[in-house]
Structures are given as C-alpha cells and as structure tokens.
Amino acid sequence: MKKQILILFVAFISVTTFAQTAAKRASEFNLEKKVAIQGYDPVAYFTQKKAVKGKSTIASTYEGVTYYFSTQGDKDLFLKNPEQYEPQYGGWCSYAMGATGEKVEVDPETFKIVDGKLNLFYNAFFNNTLKSWNKDEKNLKAKADANWKKFIK
C-alpha cells in the first residue's frame with residue numbers, strides 16, 4: 001500500500017512539473033493565437049526548403065507549443081524528433097536574439113537552416129536581418145544561444 005501511494009505521489013509530481021514546464025516554455029515562445037511560426041509547417045523548411053503554411057486540421061502540441069503541418073507526413077516526422085524541427089530561440093528573430101538579446105517578431109518566410117536548426121528572421125520596412133546575420137553568423141549564433149538561455153531556464 002505504501003509503495004502504491006509513493007508511486008502515485010511521484011506520478012503526480014511528475015505530471016505537475018511537466019505542466020508547469022510546458023506552460024513556462026510556451027510563455028517564452030513566439031506564438032500567435034497559441035500557434036508557433038504563425039502557422040507555418042516547421043518540417044517543410046527542411047523537406048521542401050521553403051516556408052509552407054500548415055493546416056489547423058493537421059496539428060500537434062509539443063511541450064505546450066502547437067504547430068501546424070501541411071501534410072500528415074510532416075507531422076509524423078515532427079513527432080519522431082520534435083527538437084530537430086522546432087525553431088531556434090522560440091521562433092523569435094535569431095539576429096535580434098544574438099545582437100541584443102531581445103525577442104523580436106519574424107517573417108516566417110525569411111529563414112536559414114544553421115547547423116541543422118531552423119532560424120527565423122525579421123524582414124520588414126527595408127530591414128532584412130538575415131543579411132546582417134550572414135555578415136557575422138558565428139558570433140551572433142554564440143550570443144543568441146547564450147541570450148536564449150536567460151529566457152528558458
């Protein structure tokens with residue numbers, strides 16, 4: 001009996017901790033109506049090498065963050081390895097995260113795969129930050145990695 005109570009207690013703590021972690025994580029991500037990447041398919045950036053709008057009917061939530069997919073195949077790939085396809089820095093502008101440590105909106109159609117990871121960039125009002133990123137990618141990436149850790153602890 002004591003063993004069953006202990007198991008239930010550990011399970012309760014695990015579920016509660018996971019829910020709190022997922023909520024904290026989601027609060028730091030760039031979400032629009034609770035959906036990441038403004039509804040773009042995170043897998044298509046890798047498989048089709050372009051930004052493709054996902055469908056709300058083909059969706060999945062990973063650790064509190066919802067993604068839309070353009071095909072069931074993309075969703076299946078995502079579910080096998082979500083960390084591979086999630087955008088860097090919670091979907092915020094990689095350049096801004098590296099340059100100033102700030103969360104800046106992105107244009108989901110302005111992206112670059114760096115070291116196998118999806119990076120998104122601000123691109124509006126004659127300011128395409130991907131161009132600035134490309135000029136000092138190594139340094140900016142290192143700074144962005146360090147700055148993002150301040151948001152996700």
Side-chain angles (χ1 to χ4, degrees), residues 10-134 137 140-153:
V10 169
F12 173 76
I13 295 299
S14 296
V15 168
T16 302
T17 301
F18 173 78
Q20 290 172 341
T21 301
K24 165 74 171 134
R25 186 173 180 274
S27 73
E28 297 298 347
F29 270 58
N30 183 2
L31 305 178
E32 186 175 283
K33 298 180 183 174
K34 299 184 180 183
V35 177
I37 320 175
Q38 299 173 27
Y40 281 76
D41 179 341
V43 176
Y45 290 100
F46 295 88
T47 60
Q48 297 184 46
K49 309 280 190 258
K50 64 180 181 178
V52 178
K53 266 295 208 187
K55 301 172 185 171
S56 62
T57 56
I58 310 174
S60 181
T61 300
Y62 174 69
E63 293 187 1
V65 177
T66 299
Y67 294 92
Y68 289 169
F69 303 91
S70 57
T71 67
Q72 183 63 43
D74 282 1
K75 179 180 175 180
D76 293 342
L77 281 173
F78 180 85
L79 292 174
K80 287 179 185 175
N81 189 1
E83 292 89 7
Q84 178 180 344
Y85 298 106
E86 280 198 304
Q88 289 293 92
Y89 320 119
W92 299 104
C93 175
S94 294
Y95 173 79
M97 190 59 65
T100 62
E102 294 178 284
K103 295 178 181 178
V104 172
E105 291 295 330
V106 298
D107 171 0
E109 296 190 8
T110 305
F111 70 97
K112 182 176 184 180
I113 307 297
V114 179
D115 297 332
K117 298 292 184 179
L118 174 61
N119 288 262
L120 301 167
F121 298 90
Y122 177 85
N123 185 5
F125 306 109
F126 307 105
N127 184 13
N128 181 347
T129 61
L130 175 56
K131 292 177 182 179
S132 300
W133 172 269
N134 285 335
E137 181 175 272
L140 288 165
K141 183 182 178 313
K143 288 180 179 179
D145 290 345
N147 287 335
W148 181 240
K149 288 178 183 175
K150 296 173 189 173
F151 293 103
I152 299 293
K153 295 176 185 176

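Just so it is clear, the structure is predicted and the values come from calculations on it, not from any experiment. Numbers here simply count residues along the sequence, with the first being 1.
- Between Tyr40 and Tyr45, the two ring planes are tilted [angle within 30° to 60°].
- Between Tyr122 and Ser132, every side-chain heavy-atom pair lies at or beyond the 4.5 Å cut-off.
- Proximity of Leu130 to Asn123: side-chain heavy atoms (C-beta onward) are nowhere separated by under 4.5 Å.
- When all heavy atoms of Val65 and Ala36 are compared, the closest pair comes out as CG1-CB, 3.7 Å.
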Determine, step by step, whether Glu83 and Tyr62 satisfy the side-chain contact (heavy atoms from CB on, under 4.5 Å) criterion, reporting the C-alpha distance in whole Å, the side-chain angles of both residues, the deciding distance to 0.1 Å, and the verdict. CA-CA 9 Å; Glu83 292 89 7; Tyr62 174 69; 2.3 Å; yes

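- The two residues Leu120 and Pro87 have their closest heavy-atom pair at CD1-CB, 3.9 Å.
- Around the NZ atom of Lys143, the shell of radius 6.0 Å holds no more than 12 heavy atoms that belong to other residues, nucleotides or ligands.
- The shortest distance between side-chain heavy atoms of Tyr68 and Ser56 falls below 4.5 Å.
- Side-chain N or O atoms of Trp133 include none that pairs as donor or acceptor with a backbone N or O of Lys141 at under 3.5 Å.
- Electrostatic pairing of Lys149 and Asp145 does not count as a salt bridge here, judged by no charged N lying under 4.0 Å from a carboxylate O.
- Defined by atom type and a distance below 3.5 Å, a donor-acceptor pair is missing between the side-chain atoms of Lys131 and Asn134.
- Between Phe46 and Tyr85, the ring planes lie perpendicular to each other; the angle is over 60°, past the 30° to 60° tilted range.
- Glu105 has its side chain within reach of Trp92: a pair of non-hydrogen atoms, C-beta onward, lies under 4.5 Å apart.
- Between Met97 and Lys103, the closest side-chain pair of non-hydrogen atoms falls below 4.5 Å.
- Contact annotation: the side chain of Ser94 never approaches that of Lys112 to less than 4.5 Å [non-hydrogen atoms, C-beta and beyond].
- Side-chain contact check for Val114 versus Gln88: every heavy-atom pair is 4.5 Å or farther apart.
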